[in-house]
Amino acid sequence: MSRQSNRTTDSKKMNSELFTLTYGALVTQLCKDYENDEEVNKQLDKMGYNIGVRLIEDFLARSSVGRCQDFRETADVIAKVAFKMYLGVTPSVTNWSPAGDEFSLILENNPLADFVELPDNHSTLVYSNLLCGALRGALEMVQMAVDVKFAQDTLRGDGVTEIRMKFIKRIEENLPAGDE
Amino acid sequence: MAIFSVYVVNKAGGLIYQYDNYVPRSEVEKTFSYPLDLVLKHHDEKVIVSFGQRDGIKVGHALLSINGVDVIGKNTADGKDTLEYLKDPANYPVSIRFGRARLSSNEKLMLASMFHSLFAIGSQLSPEVGSSGIEMLETDVFKLHCFQTLTGIKFIVLADPRQSGIDALLKKIYEIYSDFALKNPFYSLEMPIRCELFDQNLKSALEVAEKAGNFGAGS
């Protein structure tokens, strides 16, 4: 039997501009509340983390992707399946480190930051830091500790948006049985 | 009516959700006069039959209710000790219901953690590396199906041995969990699931699976 995706919510399309507006409202409110870019970056990372730990189950339930054998496979799955599923964009995977534990995701356009311009007084704000937290949270739930940060950001004048992901270690505590 | 129950176990082995869809009950209610010809005894906070099998009442059956009122542990609903109550001839004739004792929620918790440990042992015993762990436990009256996600959550379904389509059902339950439990911002991870939408959707998924499985072809 082919696996039918009998989610009735699949047909509910949301205006992506509403999504951009919602995220924008979130970031500006955080800026007003904390008044400190570093603090806002931290909060966005935390919020992203909470989203990531929940989103991973949704991703695994719907995409029937199995366990990745190595970090390269993980990178491919993130870029080609996950980003496509949730943000509708497919970043490219490049700049692999010689040890194979670091890579970059290059995004031509970032749906979170459509129509956004960073003012001069927020030069250290990482606007899309939610993405970093989400990636970190999601991978932690599948026993991978990673470090995710923005290497380049179109909002700060760079040509493309580049997310740098570094594999730190496999999380050995609380491994699901059978995964040694 | 062939899916008996659903259990969801978190990463640490704790039971976070349990639903009994259909529990075959064998209960017998009879009216007795003094003296009671069954020998009863206390066991594990319940009153059970220790001798005197008759008319469908078997040894090991628990006393479930007296005169229509459910007993609470060892005492009647009024708080009197059941055995004392039944020794008094003035209380007769009395109508007592016996049946197989239901599992209490504590017992279910213990059984779930025990299964979690067995699952871990099963994976370690595996001669090949990367075993999926226990997928099915089969007996003559039921089959236990288990699905462990990459994140360590186990979904367990107890069903009739002839019921088919349980693999698809386990995937469906995973989807329902990721939708109605995880997307509820007020639900904390690894905690008991108390979301109504989750219950409702789970029930309808079970109904669909039962109907589909009964046509034999299944998945």
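Residue numbers start from 1 in every chain, and the chains themselves are labelled A, B, ... in the order their sequence lines are given, proteins ahead of strands.
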Test item: side-chain donor near acceptor, Thr149(B) and Thr151(B), under 3.5 Å |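 Present: a donor and an acceptor within the cut-off.
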
Polar side chain donor-acceptor pair, Asp70(A) to Thr74(A), under 3.5 angstrom |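 There is no such pair between these side chains.
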
Self-check item: chain B contact residues among residues 152-160 of chain A, heavy-atom distance under 4.5 Å
Solution: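 Within residues 152-160 of chain A, near chain B: nothing under 4.5 Å.
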
* Tell me, side chain or backbone of Ser188(B) under 4.5 Å from chain A's heavy atoms, or both, or neither? ->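 When you check distances to chain A, only backbone atoms of Ser188(B) fall under 4.5 Å.
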
Heavy-atom distances under 4.5 Å only: say whether Asn201(B) touches chain A with side chain, backbone, both or neither.
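Answer is neither: Asn201(B) stays 4.5 Å or more from chain A.
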
message: Which residues pass the side-chain contact (heavy atoms from CB on, under 4.5 Å) test with Lys203(B), not counting sequence neighbours?
response: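 side-chain contact (heavy atoms from CB on, under 4.5 Å) list for Lys203(B), sorted by chain: Tyr19(B), Asp199(B).
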
Give a yes/no verdict on a cation-pi contact between Lys171(B) and Phe147(B), requiring under 6.0 Å between NZ or CZ and the six-membered ring centre and an angle within 45° of the axis.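 Relative to the ring axis of Phe147(B), which defines the angle, Lys171(B) lies inside both limits.
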
* Which pairs count as ring-ring contact (aromatic ring centres under 6.0 Å, His included) when at least one residue sits in residues 20-49 of chain A, sequence neighbours excluded? ->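 Qualifying pairs: Tyr23(A)-Tyr127(A).
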
For residues 107-118 of chain A, please give each side-chain donor-acceptor pair under 3.5 Å, one per line with the distance, not counting sequence neighbours.
{"from": "Asn110(A)", "atom 1": "OD1", "to": "Leu112(A)", "atom 2": "N", "distance (Å)": "3.1"}
{"from": "Asn110(A)", "atom 1": "ND2", "to": "Ser128(A)", "atom 2": "OG", "distance (Å)": "2.8"}

Side chain Glu210(B), main chain Ala2(B), donor-acceptor under 3.5 Å:
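Checked: pair present.
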
